[in-house]
2 protein chains.
Amino acid sequence: MKPEHTDVTAHAPQHQSEDCRAVSAVLARVGDKWSVLIISLLGPGPRRFNEIKRMIGGISQRMLTLTLRGLERDGLVTRTVFPTIPPRVEYELTDLGKSLWQPVEALGEWARRHQPEIAAAQRRYDKRTEQG
Amino acid sequence: MKPEHTDVTAHAPQHQSEDCRAVSAVLARVGDKWSVLIISLLGPGPRRFNEIKRMIGGISQRMLTLTLRGLERDGLVTRTVFPTIPPRVEYELTDLGKSLWQPVEALGEWARRHQPEIAAAQRRYDKRTEQG
DNA sequence: CCGAATCCAAATAGATACTG
DNA sequence: CAGTATCTATTTGGATTCGG
């Protein structure tokens with residue numbers, strides 16, 4: 001394992017404004033394959049590990065663990081262990097996570113509305129460029 | 001090269017709702033390291049290749065080319081070649097791209113506001129977990 | 001049930017050199 | 001100026017096995 005966590009201030013070395021770097025770094029973190037999806041799922045309330053796994057469907061145990069750890073590290077979700085048998089772990093958005101949920105949903109809304117346009121644009125592009 | 005372009009409908013095989021998959025796929029595409037940053041930069045108006053490169057600062061020529069191609073394929077930016085010497089190529093948001101610019105800016109706004117909180121959360125987490 | 005550890009394949013990103 | 005080509009390093013992700 002050892003994800004060797006990245007620092008939100010690390011990325012993008014040179015002439016950028018601080019703002020630009022900060023935005024870029026946060027988005028690089030939150031814009032991985034699963035984070036926004038999980039944040040979106042956690043919006044309505046807390047969820048258990050395998051519950052999230054089932055809802056997403058295409059994620060491996062490993063990636064779910066890694067992604068949740070990352071979100072926890074960023075202060076976006078909390079992880080609560082119930083010492084029962086069998087064990088039970090719940091993940092829930094923090095206040096910070098909830099504040100992120102809103103712009104994420106806005107983006108999700110956009111994606112739902114415009115996904116057909118994007119698919120159409122891709123088909124046009126591919127048709128034009130497949131030896132055209 | 002050969003990026004072997006991904007289809008927005010490709011991703012996430014199983015039990016998800018169509019919506020969930022669509023959102024996930026669009027976000028996976030747009031949520032790479034540079035796309036949102038470029039969309040953000042292109043909001044105010046068209047830019048030339050090296051202009052974008054300088055503004056971002058930490059991007060390689062190759063990745064800028066690939067990212068712009070992807071955005072063009074998705075119908076989010078247009079690429080206009082001016083047949084002058086030296087050559088000049090301008091990139092500009094399409095209407096679809098402009099409609100995406102708004103939620104992207106919302107996310108950027110969030111990132112700017114909360115970046116210090118995230119950095120702080122990361123420090124706390126790292127301190128707690130560095131052999132704690 | 002909720003993970004951690006390990007191994008391995010594939011996708012991604014950077015450096016460099018070259019071209020119209 | 002705006003790319004393309006190639007080669008390599010790094011990152012990422014899945015499959016599997018193991019443990020509390």
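Order of the sequence lines fixes the chain letters, A, B, ..., with proteins taken first and strands second; residue numbering starts at 1 for each chain.
B:E90 has its CD atom 9 Å from the P atom of D:dA2, to the nearest Å. Spacing between atom CD1 of B:I85 and atom P of D:dA2 amounts to 14 Å, rounded to whole angstrom units. Note: CZ (B:R88) to P (D:dA2) measures 8 Å, nearest angstrom. If you measure from atom CZ of A:F82 to atom P of C:dG3, you get 12 Å, rounded to the nearest angstrom. Taking atom CG of B:L66 as the reference point, atom P of C:dA11 lies 15 Å away to the nearest angstrom. Atom pair A:Y91:OH and C:dC2:P shows a separation of 8 Å (rounding to whole Å applied). As a whole-Å value, the separation of A:L68 CG from C:dA4 P is 10 Å.
Under the side chain to side chain contact (heavy atoms under 4.5 Å, CB included) criterion, A:R48 pairs with A:E51, A:R88, A:E90, sequence neighbours left out. Looking at residues two or more places apart in sequence or on another chain, you find no side chain to side chain contact (heavy atoms under 4.5 Å, CB included) involving A:Q102. Remark: B:P87 engages no residue in a side chain to side chain contact (heavy atoms under 4.5 Å, CB included) (not counting sequence neighbours). Partners of B:W101 by side chain to side chain contact (heavy atoms under 4.5 Å, CB included), not counting sequence neighbours, listed by chain and number: B:I39, B:L93, B:E105.
With A:T67 contributing its side chain and A:L64 its backbone, the two residues share no donor-acceptor pair below 3.5 Å.
Residue A:R48 has a polar side-chain atom (N or O) positioned under 4.0 Å from OP1 or OP2 of C:dC2. Contact check, B:R79 against D:dA2: no side-chain N or O comes under 4.0 Å of OP1 or OP2. The phosphate of D:dT4 (OP1 or OP2) has a side-chain N or O of B:R69 nearer than 4.0 angstrom.
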Protein heavy-atom contacts under 4.0 Å, written 5' to 3' over nucleotides 14-20 of chain C as B (base), S (sugar-phosphate only) or - (none), form the string BB----B

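Going from atom CD1 of A:I118 over to atom CG of B:L96 covers 5.5 Å, rounded to the nearest 0.5 Å. In this structure, B:W34 CH2 and B:I59 CD1 are separated by 5.0 Å, a value rounded to the nearest 0.5 Å.
Where the helix from C:dC1-D:dG20 to C:dG20-D:dC1 starts and where it ends, the local axes point in directions that differ by 50°; five pairs per end, rounded to 10°.
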